[in-house]
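The structure appears below as structure tokens.
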Amino acid sequence: MGLFNKKKKETKVEKTEVKTEKKEPEVEAVQAEGQAKGPVIRQYIEGAGGTVVSRSILNGTSKLKWFFRQDGGQGNGWIAFGDKDTQEYVDNPDNMAVVDFNILAALEPAVLDVFYMPYGADLEFCRDGSGAYFIDTRTGEEIRERVLSPIQEAFEKNLKFLNKESYPEEFFKSLFQAGGMQEVFLAGDADFPTGEVVLSDPIAYLGSKYMVTLEKKIPAGSYPVELSICHSEKVGLRIAAARLVINGKEPVRHEIAMSKGSAAEDMGKPGVWAFFGVDGGLACFSDTEVAASYRSFIDGWKKENPGKNEYLDYFAPLFQESCQAAPGAQRTGGDFLCWDMPGTGHRLVMFNSGMGDGIYSSYWGIDEEGEAAELVIPFLNPEYI
């Protein structure tokens, strides 16, 4: 280990030292034997960036042994030394090359397991009868499972967090507490001519038998839809939650919203659920009458536009217009849309479902009088992003 530490201290990977011209030989070295040589590199990880690799690894005279990541280094910061490399060898910049990380991954796929480890990672590569793995030289820990990307890690944590029967009141309050990385944005008003509330993915299920109608009704009328928007350095801009503001009063408690014909005490019984599915990355609050009008409109549009897609060819340009109107509150392409349904006078608010497709539950916010003050759909826990 002394030699390894010495290498790390003395090896300076500067842009002025590392020769990166004419790298075709290194790119070609990744091609499997027997394949035609060429510049095509298999993209195991898109946009992985450049990695400093010992030429001995690239030309096959040594195998990966030491792997560490330096902040402020070349490309993505990863540096790879071979098991035959000496201090004198790695001190010569001509013996080091900057190549696409995917080239190293083609030579030793195990590096894909640790790609997302943070700067400062200091690893020794091992291969024995139990397989290929890394050892953290600082802690001695064996790394045998793939380290998730920040987005994957947040997604996995969030998946376990969602759809619980109840949460502390502090959680619901925090969802719509502006400040820090969060802002509350009024996306528009949605119409409820009957007061019978529907939760659905508007593209995949609204107006079909797969949408979810709630047991509790609200007074007929129009209600604001507010979005809790998080600006995260880890996963980018995400909608953490959406709420239908019903009477504007402060809720004193929240309870899970059950589907029509069921109650909270029925939870766990066969055929009883308290969630709706998202398969197109979008969700909405709607009314049963509006949902029926929506389905009629879409069916008519498809007949008039055979072979076209209702999202790509109809809604996508409208989402783009929404993004142009409020660019700081959504990602490129648009994350929400307040839509006036042609020929009906109904308004429908669609919004991105946090981390994407999945199943989501909603919760009624109940005021001091026992009335529904709001309906909230949490998509993610802001703490995870």
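- Between Asp128 and Tyr133, the side chains place a donor N or O and an acceptor N or O closer than 3.5 Å (distance only, hydrogens not considered).
- Asn352 places no side-chain N or O within 3.5 Å of a backbone atom of Phe336 that could act as its donor or acceptor partner.
- Taking the six-membered ring wherever Trp is involved, the centroid distance between the rings of Phe125 and Phe134 falls below 6.0 Å.
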Inset, instruction - Might you work through the side chain to side chain donor-acceptor pair (under 3.5 Å) test for Asp189 and Ser222, ending with a clear yes or no? - result: CA-CA 6 Å; Asp189 290 344; Ser222 299; over 6 Å; no
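- Hydrophobic cluster membership of Val245, counting Ile, Leu, Val, Met, Phe, Trp and Tyr whose side-chain heavy atoms lie under 4.5 Å apart directly or via other members: none, as it forms a cluster of its own.
- Note on residues 191-214: pairs passing salt bridge (charged side-chain N to carboxylate O under 4.0 Å, His left out), not counting sequence neighbours, are Asp191-Arg347, Glu196-Lys260.
- When side chains are defined from C-beta on, Ser232 does not count as touching Arg238, because their heavy atoms never get closer than 4.5 Å.
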Counting only pairs under 3.5 Å, give me each side-chain donor-acceptor contact of residues 211-221, with atom names and distances, residues two or more places apart or in other chains.
unit_1: Glu215; atom_1: OE1; unit_2: Gly261; atom_2: N; d: 2.6

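- Side-chain heavy atoms closer than 4.5 Å link hydrophobic residues (I, L, V, M, F, W, Y) into clusters, and following such links, possibly through other members, connects Leu123 to Tyr44.
- Hydrophobic side-chain contacts under 4.5 Å tie Tyr205 into a cluster, directly or through other members, with Tyr210.
- The ring of Phe285 has its center closer than 6.0 angstrom to the ring center of Phe351.
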Would you be so kind as to tabulate the donor-acceptor pairs closer than 3.5 Å made by side chains of residues 289-298, with sequence neighbours excluded?
unit_1: Ser293; atom_1: OG; unit_2: Glu289; atom_2: O; d: 3.1
unit_1: Tyr294; atom_1: OH; unit_2: Pro202; atom_2: O; d: 2.7
unit_1: Arg295; atom_1: NE; unit_2: Leu206; atom_2: O; d: 3.1
unit_1: Arg295; atom_1: NH2; unit_2: Leu206; atom_2: O; d: 2.6

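- The environment of Glu369 atom CD is dense: over 12 non-hydrogen atoms of other residues, nucleotides or ligands sit within 6.0 angstrom.
- For residues 60-78, the set of pairs meeting the salt bridge (charged side-chain N to carboxylate O under 4.0 Å, His left out) definition, not counting sequence neighbours, comprises Lys65-Glu124.
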